[in-house]
Participant: 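Sharing a structure here in structure tokens format.
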Amino acid sequence: MLDSVAHSTFLPNASFCDPLMSWTDLFSNEEYYPAFEHQTACDSYWTSVHPEYWTKRHVWEWLQFCCDQYKLDANCISFCHFNISGLQLCSMTQEEFIEAAGVCGEYLYFILQNMRSQGYSFFNDPEETKATIKDCLQSSHLWEFVRDLLLSPEENCGILEWEDREQGIFRVVKSEALAKMWGQRKRNDRMTYEKLSRALRYYYKTGILERVDRRLVYKFGKNAHGWQEDKL
DNA sequence: AAATGGTTTCCTGATT
DNA sequence: GAATCAGGAAACCATT
């Protein structure tokens, strides 16, 4: 009966390790079993149970594991949001994860979905896994791309500049360079600032960006997250 | 297989 | 005149 759940909704995500070992296979195999001390017979460790069947305690243990393993800042996690069963956890959307744990929520959501589809083999190589998570978290949305560029001086090289850090107001300094970089990300060498800015204008409607009536100046709106200084 | 979201492309017109 | 801004309309494409 575990098996029937094991291959559920999520399609395997291209780049991850061994496809489709069943959960029972995985957990009877020492290799996949890291150095954890466990466990009472009545309440086994979270790694030995499919996420859908986790108890509140399992969820808690999983959170702990993720914090330790991936150095997630436990302070940004609202633990009361996670006082839930595995079934409830699995039904949370990415939005809800972000609401409950900010940027860490993105990681947690990603890790959970991969565990549901791939099992614990996901954690084979912690180092590689961490790198891959980072890759996959490379946000594909334009506003996130802009945000991340703004947040990483190395990549940025003067393309974007904060106008008012507190209020999330920024300026596009090198418009063509920005378009080129966005084009590279989307593998589209026909991208121009003209077209990119059209996409940015659509964000006014959804509250991701707010209008600032100065040329090449934009402002993050109430529905944009992850740009503020204090909450990493 | 159809619906949807997030752009991409193109365009006309106004503004700086 | 050149670069931007404003949006409408439609095509496109990946995901659900």
Side-chain angles (χ1 to χ4, degrees), chain A residues 4-16 19-20 50-52 86-99 103 105-119 122 132-151 155-164 167-227:
Chain A
S4 60
V5 190
H7 330 85
S8 50
T9 53
F10 268 88
L11 295 174
N13 215 341
S15 45
F16 286 99
L20 311 177
H50 190 280
E52 317 245 344
L87 195 59
Q88 292 169 294
L89 186 75
C90 290
S91 72
M92 282 173 70
T93 64
Q94 180 168 15
E95 291 310 309
E96 290 169 324
F97 266 88
I98 289 169
E99 192 187 322
V103 177
E106 291 186 48
Y107 279 81
L108 292 170
Y109 180 77
F110 181 83
I111 293 166
L112 179 67
Q113 301 316 334
N114 273 278
M115 286 188 37
R116 292 176 69 194
S117 58
Q118 314 249 333
F122 177 65
T132 314
I133 289 178
K134 214 158 215 170
D135 269 8
C136 291
L137 283 178
Q138 277 235 333
S139 27
S140 55
H141 290 169
L142 174 57
W143 74 270
E144 294 167 312
F145 166 77
V146 167
R147 174 197 66 188
D148 296 343
L149 202 50
L150 222 25
L151 261 32
E155 282 286 297
N156 187 328
C157 35
I159 291 174
L160 295 172
E161 204 171 75
W162 287 109
E163 189 101 315
D164 184 330
Q167 296 191 61
I169 301 175
F170 60 93
R171 174 172 44 223
V172 178
V173 181
K174 303 175 182 174
S175 56
E176 284 317 310
L178 179 65
K180 188 168 293 182
M181 199 170 270
W182 175 237
Q184 278 168 8
R185 172 69 74 89
K186 297 291 288 293
R187 303 227 204 107
N188 174 3
D189 49 0
R190 300 175 316 277
M191 183 49 58
T192 65
Y193 178 71
E194 189 65 30
K195 291 187 282 193
L196 183 155
S197 65
R198 178 69 190 97
L200 289 179
R201 269 176 251 127
Y202 272 125
Y203 286 134
Y204 296 147
K205 202 152 28 186
T206 54
I208 299 289
L209 292 179
E210 283 173 25
R211 241 160 113 173
V212 174
D213 79 15
R214 270 179 285 157
R215 293 187 136 206
L216 299 165
V217 178
Y218 299 85
K219 171 179 180 174
F220 288 116
K222 48 187 67 71
N223 293 328
H225 61 267
W227 56 269

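Lettering follows sequence order; numbering is per chain, from 1.
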Participant: If the cut-off is 4.0 Å, is A:R211 near the phosphate of C:dA6, judged by side-chain N/O to OP1 or OP2?
Facilitator: yes
Participant: Is the backbone of A:C90 close enough, under 3.5 Å, to the side chain of A:R116 for a donor and an acceptor to pair up by distance?
Facilitator: yes
Participant: Within 45 degrees of the ring normal and closer than 6.0 Å to the centroid, is that where the cationic atom of A:R198 sits relative to A:Y202?
Facilitator: yes
Participant: Where the side chain of A:N188 meets the backbone of A:G183, is there a donor-acceptor pair that is under 3.5 Å apart?
Facilitator: no
Participant: Relative to each other, are the rings of A:Y203 and A:W143 parallel, tilted or perpendicular (30° and 60° limits)?
Facilitator: perpendicular
Participant: To the nearest angstrom, how far is A:Y204 atom OH from C:dG8 atom P?
Facilitator: 14 Å
Participant: Which word best sums up how the rings of A:W162 and A:F170 line up, parallel for under 30°, tilted for 30 to 60°, or perpendicular for over 60°?
Facilitator: perpendicular
Participant: Between A:I208 (CD1) and B:dG5 (P), how many Å, whole number?
Facilitator: 14 Å
Participant: Figure out the CG/P separation between A:D213 and C:dC5, and round it to whole Å.
Facilitator: 11 Å
Participant: Specify whether A:W182 and A:F145 have parallel, tilted or perpendicular ring planes, treating 30° as the upper limit for parallel and 60° as the lower limit for perpendicular.
Facilitator: tilted
Participant: Are any of A:W182's side-chain N or O atoms less than 4.0 Å away from OP1 or OP2 of B:dT7?
Facilitator: no
Participant: Rounding to a whole Å, what distance do you find between A:K174:NZ and C:dA3:P?
Facilitator: 17 Å
Participant: Determine, for nucleotides 9-16 of chain B in 5'-to-3' order, which nucleotides have protein heavy atoms under 4.0 Å from the base (write B), from only the sugar-phosphate (write S), or from neither (write -).
Facilitator: BB----BB
Participant: Between A:E176 (CD) and C:dT4 (P), how many Å, whole number?
Facilitator: 7 Å
Participant: Rounded off to whole Å, could you give me the CD-to-P distance for the A:E144 and B:dG5 pair?
Facilitator: 17 Å
Participant: Separation of A:L200 atom CG from B:dG6 atom C1', in whole Å?
Facilitator: 12 Å
Participant: Given atom CG of A:D189 and atom C1' of B:dT8, what is their separation to the nearest angstrom?
Facilitator: 13 Å
Participant: Counting just side-chain N and O atoms, does A:S175 come under 4.0 Å of either OP1 or OP2 of C:dA3?
Facilitator: no
Participant: Could you tell me whether the side chain of A:K222 and the main chain of A:E210 form a donor-acceptor pair under 3.5 Å?
Facilitator: no
Participant: Does B:dT8 have OP1 or OP2 under 4.0 Å away from a side-chain N or O of A:K186?
Facilitator: yes
